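Owing to the predicted nature of the structure, the values given are computational and were not obtained by experimental measurement. Both counts, for ligands and for their atoms, begin at 1 and track the order of listing. The chain is numbered in sequence order, starting from 1.
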Amino acid sequence: MDRSMMRKSVRGLTTYYNPDVGNAIRMDTNVNVLGSNPAAEAYIEGLRINTNTYPNTYSDGLRDALADLYGLKRDNFVVGNGSDEMINTAFTTFVEPGVTSVIQPYPSYSLYSYFTQLSSGIMKEAELDEDFQLDPDAMIGKGEDRKGVLIMPSPNNPTGNCFRTKDIEEILSKHEGIVILDEAYSEYARKTMIDKVDEFDNLIVCKTFSKAYAMAAFRVGYMASNLKVADMLNSVKVPYSLNGISEGAAIAALKDRSFVERSVSMVEEQRPKLAKKMETLGFECYPSDANFILARAPIDHAKLVEGMKKRGILIRDFGTKRRTENCVRPTVGTEELNKLMTDAMEDIIAEESR
Ligand SMILES: *Cc1c(COP(=O)(O)O)cnc(C)c1O
């Protein structure tokens, strides 16, 4: 048994980030620091279900709730097991193995290249400018790449900034292939392009309950697009992929959006404070519209992340990657969590310079 048994196109893949967590405080995954979603918790408390029935094939209940929220139709939506499944579905639908280019900005979300390999697409990267903004011409590409699949998160991960709407719209109108806009953090930016799915017929907006909705445990993600594209996506998506408990919890969460509002306001208040404090410690913080901050460390990134871990706090390390050299990406916490983090940082930096 060796890896030569594997399909050639996936042989190079390795397992994903899977840290030994223990009791550490997780400021490394950008989930909601206010904890569980109360409406989802209330829904599962004392829940009685018939374990012997399949959920609805395409999660119609949740699709109806989403249609209500955004003023679209049920059939504009595709729902599944996290936006990761949604991205995989979109690639399986539109990437011709060995032929189609998948173009993503750099630096951006590392899982895009994983899904590109799964679908045997040809990965291409379009360099972001100095301010981590898009170069529309580079994204759109030339020749056959004009029909490729584009994917980008806005706000971008790990840089934190939103891309300019005018750049995204230029890309949508000039690019001839599918454009996936991954809005995993869009609640924090109070900005979405989901209302544009009928204006741009190549637009797929991908969203998740994992971040601002505080429901990563349930694995719920969805896409919105015009009716024709959504029908193509639903024909490819794994049937029943979203389990019934997760679907019910997501519907419950959509009925009580006050928790999300409270979470977003908290981040808006704490983000500048955290950045300011980190800057006094010598970090260089990049502007963020999300619930995390990309920051260049004043000491060696690995020593910082290791020191934080020893003090029981995990933050994400991007220090060995091009463009984010020596950078870390902490999630924005509550006032208390941020103090814990910056006290630990201060301590480690002082220790290093002794
Ligand atoms: C966290 C994250 C997601 C969410 O993925 P899920 O599968 O819905 O949990 C998607 N895209 C980006 C850029 C993310 O950071």
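- Judged purely by atom type and a 3.5 angstrom limit, Glu325 uses its side chain to pair as donor or acceptor with the backbone of Arg323.
- Under a 3.5 Å cut-off, the side chain of Ser210 and the backbone N or O of Ala216 do not form any donor-acceptor pair.
- Note that CG of Leu66 and CE of Met223 are 12.5 Å apart. Values are rounded to the nearest 0.5 Å.
- Centroid-to-centroid, the aromatic rings of Phe209 and Phe218 stay 6.0 Å apart or farther.
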Give every pair formed by an N or O atom of ligand 1 and a protein N or O atom closer than 3.5 Å, one pair per line with both atom names and the distance to 0.1 Å, or write none.
{"from": "ligand 1", "atom 1": "5 (O)", "to": "Ser83", "atom 2": "OG", "distance (Å)": "3.0"}
{"from": "ligand 1", "atom 1": "7 (O)", "to": "Ser83", "atom 2": "N", "distance (Å)": "3.1"}
{"from": "ligand 1", "atom 1": "7 (O)", "to": "Asp84", "atom 2": "N", "distance (Å)": "2.9"}
{"from": "ligand 1", "atom 1": "7 (O)", "to": "Asp84", "atom 2": "OD2", "distance (Å)": "3.2"}
{"from": "ligand 1", "atom 1": "7 (O)", "to": "Arg219", "atom 2": "NH1", "distance (Å)": "3.3"}
{"from": "ligand 1", "atom 1": "7 (O)", "to": "Arg219", "atom 2": "NH2", "distance (Å)": "2.8"}
{"from": "ligand 1", "atom 1": "8 (O)", "to": "Ser83", "atom 2": "N", "distance (Å)": "2.6"}
{"from": "ligand 1", "atom 1": "8 (O)", "to": "Ser83", "atom 2": "OG", "distance (Å)": "2.6"}
{"from": "ligand 1", "atom 1": "8 (O)", "to": "Thr208", "atom 2": "OG1", "distance (Å)": "2.6"}
{"from": "ligand 1", "atom 1": "8 (O)", "to": "Ser210", "atom 2": "OG", "distance (Å)": "3.4"}
{"from": "ligand 1", "atom 1": "9 (O)", "to": "Ser210", "atom 2": "OG", "distance (Å)": "2.7"}
{"from": "ligand 1", "atom 1": "9 (O)", "to": "Arg219", "atom 2": "NH1", "distance (Å)": "2.6"}
{"from": "ligand 1", "atom 1": "11 (N)", "to": "Asp182", "atom 2": "OD1", "distance (Å)": "3.4"}
{"from": "ligand 1", "atom 1": "11 (N)", "to": "Asp182", "atom 2": "OD2", "distance (Å)": "2.6"}
{"from": "ligand 1", "atom 1": "15 (O)", "to": "Asn157", "atom 2": "ND2", "distance (Å)": "2.8"}
{"from": "ligand 1", "atom 1": "15 (O)", "to": "Tyr185", "atom 2": "OH", "distance (Å)": "2.7"}
{"from": "ligand 1", "atom 1": "15 (O)", "to": "Lys211", "atom 2": "NZ", "distance (Å)": "3.2"}

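- Under the 3.5 Å distance criterion, the side-chain polar atoms of Glu247 are left unmatched by any main-chain donor or acceptor of Gly80.
- Using modelled atom types, no side-chain atom of Glu284 and backbone atom of Arg296 make a donor-acceptor pair closer than 3.5 Å.
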